[in-house]
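The structure displayed is predicted, hence computed values, not measured ones.
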Amino acid sequence: MTNITGMHHVAIQAKDYKATIKFYESLGLSLFHSWTLPEFNIEYGALLLIPGTSSFVEIFDKGANIPTQGRRGVNGESPVAGALLHFAFTVKNATAAYHGAIAAGATSCVPPSVLVLGEPPMTVYNSLVYGLDGEVIEFIETLPG
């Protein structure tokens with residue numbers, strides 16, 4: 001018996017809280033709720049709603065003391081790799097999502113491409129970008145056949 005009913009959120013610690021919120025809003029997410037929580041040194045926390053879902057991207061300011069996987073990066077260091085590889089948004093058009101994210105300040109990771117996965121074959125169109133804070137974001141569009 002499973003108790004899991006869905007994915008609630010993915011959390012990001014932002015280098016620039018306001019810029020990160022603006023970036024995700026430009027991808028179509030909307031500000032759902034914001035807060036402060038001094039006991040965790042959170043000056044700014046926010047949930048941004050993924051359209052058509054009950055799932056969120058959670059954004060924290062750079063000084064927030066929140067649980068994290070692996071070692072935190074130090075100033076000027078690239079993100080430290082851990083078990084979380086990327087997160088993916090289901091999209092209507094992976095190419096449009098890729099170019100929209102680049103226009104909003106993301107950098108290219110993997111340009112749009114078609115992948116045929118597994119047996120029976122599942123065809124997907126995907127693209128990946130690096131978000132403003134180094135997070136890897138995949139845009140995935142399921143194709144017929």
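Note on Ile12: it clusters hydrophobically with Phe139, by side-chain heavy-atom contacts below 4.5 Å among ILVMFWY residues. Hydrophobic clustering, with ILVMFWY side chains joined whenever heavy atoms are under 4.5 angstrom apart, keeps Leu132 apart from Val136. In terms of hydrophobic clustering, with Ile, Leu, Val, Met, Phe, Trp and Tyr side chains grouped at heavy-atom distances under 4.5 Å, Phe87 and Val129 are assigned to a common cluster. Connection of Ile137 to Val57 is established within a shared hydrophobic cluster, with ILVMFWY side chains joined at heavy-atom distances below 4.5 Å, either directly or through further cluster members. In the hydrophobic cluster analysis, where Ile, Leu, Val, Met, Phe, Trp and Tyr join through side-chain heavy atoms closer than 4.5 angstrom, Met122 is grouped apart from Leu128.
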Which pairs of donor and acceptor atoms, one on a side chain in residues 41-50, lie under 3.5 Å apart (sequence neighbours left out)?
from: Asn41; atom 1: ND2; to: Gly63; atom 2: O; distance (Å): 2.8

Would you tabulate the side-chain donor-acceptor contacts of residues 19-37 under 3.5 Å, counting partners in other chains and residues two or more places apart, or write 'none'?
from: Thr20; atom 1: OG1; to: Asp16; atom 2: O; distance (Å): 3.2
from: Thr20; atom 1: OG1; to: Asp133; atom 2: OD2; distance (Å): 2.6
from: Tyr24; atom 1: OH; to: Glu135; atom 2: OE2; distance (Å): 2.5
from: Ser26; atom 1: OG; to: Phe23; atom 2: O; distance (Å): 2.6

Please list every donor-acceptor pair under 3.5 Å in which a side-chain atom of residues 89-117 meets a protein atom from a residue at least two apart or in another chain.
from: Asn93; atom 1: OD1; to: Thr95; atom 2: N; distance (Å): 3.0
from: Asn93; atom 1: OD1; to: Ala96; atom 2: N; distance (Å): 2.7
from: Thr95; atom 1: OG1; to: Tyr125; atom 2: OH; distance (Å): 3.1
from: Tyr98; atom 1: OH; to: Ser108; atom 2: OG; distance (Å): 2.6
from: Ser113; atom 1: OG; to: Asn126; atom 2: OD1; distance (Å): 3.4

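Contact annotation: the side chain of Glu138 approaches that of His86 to within less than 4.5 Å [non-hydrogen atoms, C-beta and beyond].
Counting side-chain heavy-atom gaps under 4.5 Å among Ile, Leu, Val, Met, Phe, Trp and Tyr, Met7 is found in no cluster with other residues.
In this structure, the separation between CD on Gln13 and CG on Asp61 is 7.0 Å, given to the nearest 0.5 Å. Rounding to the nearest 0.5 Å gives a distance of 10.0 Å between CZ of Phe40 and CD1 of Ile66.
Sorted by first and then second residue, the side-chain hydrogen bond (donor to acceptor under 3.5 Å, both in side chains) pairs involving residues 47-58 (not counting sequence neighbours) are His9-Glu58.
Heavy atoms only, all atoms of each residue included: Ile140 and Ala88 are closest at CG2-CB, 4.4 Å.
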